[in-house]
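What follows is a short report on a single structure.
Here the structure is a predicted model, which is why all the values come from computation and not from measurement.
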Protein chains: 2
Amino acid sequence: MSEHSDYPRPFVTVDLVIFTIAEDALQVLLIERGNEPFKGKWALPGGFVEIDEALDEAAARELQEEVGVTNIFLEQLYTFGDPGRDPRGRVISIAYYALTDAMRTRIVAASDAADARWYPVFDPEIDGQLAFDHRQILDYAVWRLRNKIEWTTVGYELLPVKFTLSELQRVYEIILQRPVDKRNFRKKILGQGQIRELNETRSDGAHRPARLYSFKKP
Amino acid sequence: MSEHSDYPRPFVTVDLVIFTIAEDALQVLLIERGNEPFKGKWALPGGFVEIDEALDEAAARELQEEVGVTNIFLEQLYTFGDPGRDPRGRVISIAYYALTDAMRTRIVAASDAADARWYPVFDPEIDGQLAFDHRQILDYAVWRLRNKIEWTTVGYELLPVKFTLSELQRVYEIILQRPVDKRNFRKKILGQGQIRELNETRSDGAHRPARLYSFKKP
DNA sequence: TAACTTAGTGTACTTACAACACTAACCGTG
DNA sequence: CACGGTTAGTGTTGTAAGTACACTAAGTTA
């Protein structure tokens, strides 16, 4: 690395892909842009990294500002920095993705946003509506989430503390976009030893009530 | 994202973890720092991202400058940006890792470097000799490489075009730091259908010559 | 109390992974 | 020129993980 003094410095931001499950679909939080460029299009929430703030902190702060949640799953995804990705100047953006139970969140629209809402990720309605390179960021986040859910236990992050195995299975089906075998799924999940069976069931309809489980946090 | 105008902007660099296999060990290219801070310590090669240059391009350019190679495996790793990771100011660094056959490279020391050399990654000699947070970056790169080699075919990137299966097996053993069963290894590799058997063998000693293979590039 | 709906359970088959030992071919030396 | 040394090359068997698949359990409502 040479001397620091006179290099032109780009802007550095964090962008957040905040996922939740609602209405039987995987949803992502998007903000309608109130200004040019891309006025009227939808963008991922994000903002500048403060000069004395770690990247993870910046992402956590934006998360707090946008949806009012703290202490949820949040992981760095990839850094996007093509010149020209933002017509206003050179902006390098470190993308993060987060998982939250929809019930925990309260959406707060930022000052420069016309509107903010959850958008179903796999709904074709979303096509062509995304600003900047946010389609690419979203696609990458979905890819990572799909991989991660197959090898780890992140699925639990999308559910409330107490949940049924059918609910958890549905989370997997929604994310992977394919049916999952009930018996194999239960065998696999129980075999991981990561969830605790509760002495509690939930009745929600004209059928056998389901046992509740909770995730063993490490 | 709010208005761009007056945000303080950090420096943005790329740092490279360039791996090769030499002398029966996994090696990483390090540069001895000629100036403070960390004068005399060893650092990963890297440099500023130019204002009109994509991140991948910046990494490829540094690679070309440091070891004179182009068109090799190069992948973004992670972005490190803790305030205080560089005492000279706020520097956010996008780390990349690269794999190359040692024979292809010519090390070129940069102007502000006292020296540049390959260092065996698993040699304890390296401990405490790394500048900045480069120990952390290197550890993460090794972790990624280990994962990647188990699920993909990146191993070939560390060998010349023609290689024997024993050489390839040795690459795996060196990276994973554990012995690999010869028959299972060959079964797995051949089963992947990613390498072509050549009508050529190589004799290098008082023993049966080994058949050469080459990687089928996609 | 019968019909409906979701919860919950086990077994057989297939596929991937792990362990393991001998023969083949070349070189160098006595 | 044959024998010893060295690395290349090859199959089978057991084990673990994953996949396919169908019926009973327990509650609600008409």
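Side-chain N/O atoms of B:Thr20 and B:Thr100 include no donor and acceptor closer than 3.5 Å.
Distance alone, capped at 3.5 Å, places no donor-acceptor pair between the A:Glu62 side chain and the A:Pro45 backbone. A distance-only check finds no donor-acceptor pair linking the side chain of B:Glu75 to the backbone of B:Ala98 [under 3.5 Å]. A donor-acceptor pair is defined here as one N or O able to donate and one able to accept, closer than 3.5 Å; no such pair exists between the side chain of B:His134 and the backbone of B:Ala43.
Taking the centre of each ring, A:Tyr156 and A:Phe163 come in below the 6.0 Å mark. Aromatic ring centroids of B:Phe73 and B:Tyr97 lie under 6.0 Å apart.
Atom CZ of A:Arg33 is separated from atom CG of A:Leu130 by 12.0 Å, given to the nearest 0.5 angstrom. A distance of 9.5 Å separates CG of A:Leu77 from CH2 of A:Trp143, quoted to the nearest 0.5 Å. In this structure, CG on B:Asp82 lies 7.0 Å from CG on A:Leu55, to the nearest 0.5 angstrom. A distance of 12.5 Å separates CZ of A:Arg170 from CG of A:Leu159, quoted to the nearest 0.5 Å. With rounding to the nearest 0.5 Å, the separation of CZ in A:Arg61 from CD in A:Glu53 is 4.0 Å.
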### Summary
Under a 4.0 Å heavy-atom criterion, the protein footprint on nucleotides 25-30 of chain C, written with B, S and -, is BBB---
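For the ring pair (Phe, Tyr, Trp, His ring centres under 6.0 Å) test, residues two or more places apart in sequence or in another chain that qualify with A:Phe185 are A:Tyr172.
On the nucleic acid side, DNA chain D has its first and last nucleotide under 4.0 Å of a heavy atom of chain A at D:dT19 to D:dT28, going 5' to 3'.
In this structure the side chain of B:Trp42 never reaches within 4.5 angstrom of the side chain of B:Ile126, judged on heavy atoms.
At a non-hydrogen distance threshold of 4.0 Å, nothing from residues 144-154 of chain B comes into contact with DNA chain C. If you check residues 177-199 of chain B against DNA chain C, the residues with a heavy atom closer than 4.0 Å are B:Asp181, B:Arg183, B:Asn184, B:Lys187, listed by number.
Taking a cutoff of 4.0 Å between a charged side-chain nitrogen and a carboxylate oxygen, A:Arg211 and A:Glu200 do not qualify as a salt bridge.
A cation-pi contact, defined as under 6.0 Å to the ring centre and within 45° of the axis, links B:Arg117 to B:Tyr119.
Computed from C1' positions of five pairs at each end, the angle between the two local axes of the helix from C:dT1-D:dA30 to C:dG30-D:dC1 equals 10°, rounded to 10 degrees.
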